[in-house]
Amino acid sequence: MKVNNFTIRPIRPEDTARMAYIIREVMTAHGASGEGFSIHDAEVDDMYTAYQADRSAYFVIEREGIIYGGAGIAPLLGGDEHTCELKKMYFLPEARGKGLAVAIADRCLDAARSFGYQRCYLETITEMAAANRFYQRYGFKALDGPMGATGHSACSAFYVMEL
């Protein structure tokens, strides 16, 4: 899938180090590097393998062989079989404001529907104001607290969308 000269495609093994860099770069820039943040999840160091699991998928945004971001879906840890989580949606500044968030969210939620999920959950921090505005415009509804058992105790904004 092409969007504004960027390609959205499934993650490959060779993308793992670049995605780990992007996740750590973006989270640190937003002050989300302490305890309770997903920056410390084991999957960050091997995104390809993590998203080969059943009912999971991860997509990257690429232009001219360079990865600029990504997003994925996977079962919500501690949730029911009908709920997935939109996970690790991060873009470098060069990829922002180009319609890529909608395109990759569409791709992730299409995959979620194909896996039989009925709802999608996500969590973030209020400090990521642009991301929160995007999720609300996209159709996610704010929740008062977290769902599942992600272990991300530092998150402060929670959303769900019926698929």
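Taking a cutoff of 4.0 Å between a charged side-chain nitrogen and a carboxylate oxygen, Lys87 and Glu43 qualify as a salt bridge. A salt bridge does not link Arg18 with Asp15: every distance from a Lys NZ or Arg NE/NH1/NH2 to an Asp or Glu carboxylate oxygen is 4.0 Å or more.
In this structure, the separation between OH on Tyr138 and CG on Leu86 is 8.5 Å, given to the nearest 0.5 Å. Here the OG1 atom belonging to Thr83 is positioned 13.5 Å from the CE atom belonging to Met161, to the nearest 0.5 angstrom. Distance CZ/Arg55 to OG/Ser114: 9.5 Å, rounded to 0.5 Å. Once rounded to the nearest 0.5 Å, the distance linking OG of Ser56 with CZ of Phe115 reads 7.0 Å. Asp106 CG to Leu100 CG: the interatomic distance, rounded to the nearest 0.5 Å, is 11.5 Å. Atoms SG and CG, on Cys84 and Leu76 in that order, are 8.5 Å from each other to the nearest 0.5 Å.
Summarising the geometry of Cys120 relative to Leu109, their closest heavy-atom pair is SG-CD2, 3.7 Å, with the distance given to 0.1 Å. In terms of heavy-atom proximity, Asp45 sits nearest to Thr16 at O-CG2, 3.2 Å. The shortest non-hydrogen separation linking Ala105 to Phe134 is CB-CZ, 4.2 Å. Annotation for Cys155 and Ile125: closest pair CA-CG2, 4.1 Å, computed over non-hydrogen atoms. Pairing each heavy atom of Glu127 with each of Ser156, the nearest pair is OE1-OG, 4.2 Å. The shortest heavy-atom contact between Pro10 and Arg107 is CD-NH2, 3.8 Å.
Residues Val102 and Ile73 fall within the same hydrophobic cluster, defined by Ile, Leu, Val, Met, Phe, Trp and Tyr side chains chained together at heavy-atom separations under 4.5 Å. Note on Val160: it does not cluster hydrophobically with Met128, by side-chain heavy-atom contacts below 4.5 Å among ILVMFWY residues. No continuous path of hydrophobic side-chain contacts links Phe158 to Tyr90 [ILVMFWY only; heavy atoms under 4.5 Å]. One hydrophobic cluster holds both Tyr135 and Ile61 under the rule that ILVMFWY side chains link at heavy-atom gaps under 4.5 Å. At a threshold of 4.5 Å between side-chain heavy atoms, the hydrophobic network of Ile, Leu, Val, Met, Phe, Trp and Tyr places Leu122 and Leu163 in one connected group.
A donor-acceptor contact shorter than 3.5 Å is absent between the side chain of Thr28 and the backbone of Glu25.
Arg9 has its side chain within reach of Glu62: a pair of non-hydrogen atoms, C-beta onward, lies under 4.5 Å apart.
With 3.5 Å as the limit, one finds no donor-acceptor pair spanning the side chains of Tyr117 and Asp80. Inspection of the Glu85 and Thr150 side chains reveals no N or O donor paired with an N or O acceptor under 3.5 Å.
In Glu64, the CD atom is not crowded: 12 or fewer heavy atoms of neighbouring residues, nucleotides or ligands sit closer than 6.0 Å.
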Pair Tyr51-Asp46, side chain to side chain donor-acceptor pair (under 3.5 Å): steps then yes or no: CA-CA 9 Å; Tyr51 288 86; Asp46 195 356; over 6 Å; no

Verdict with supporting geometry, Lys88 and Met47, side chain to side chain contact (heavy atoms under 4.5 Å, CB included): CA-CA 9 Å; Lys88 308 288 190 293; Met47 296 289 286; 3.8 Å; yes

With side chain to side chain contact (heavy atoms under 4.5 Å, CB included) as the test, would you mind laying out the steps for Tyr58 and Met19 before giving the verdict? CA-CA 11 Å; Tyr58 197 87; Met19 275 313 306; 3.1 Å; yes

Going through the distances and angles, do Tyr121 and Glu123 end up as a side chain to side chain donor-acceptor pair (under 3.5 Å)? CA-CA 7 Å; Tyr121 168 78; Glu123 53 193 18; 2.6 Å; yes

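Ring planes of Tyr159 and Phe140: perpendicular class, angle over 60° (limits at 30 and 60°).
Close placement of the Phe6 and Tyr68 rings is indicated, their centers lying within 6.0 Å of each other.
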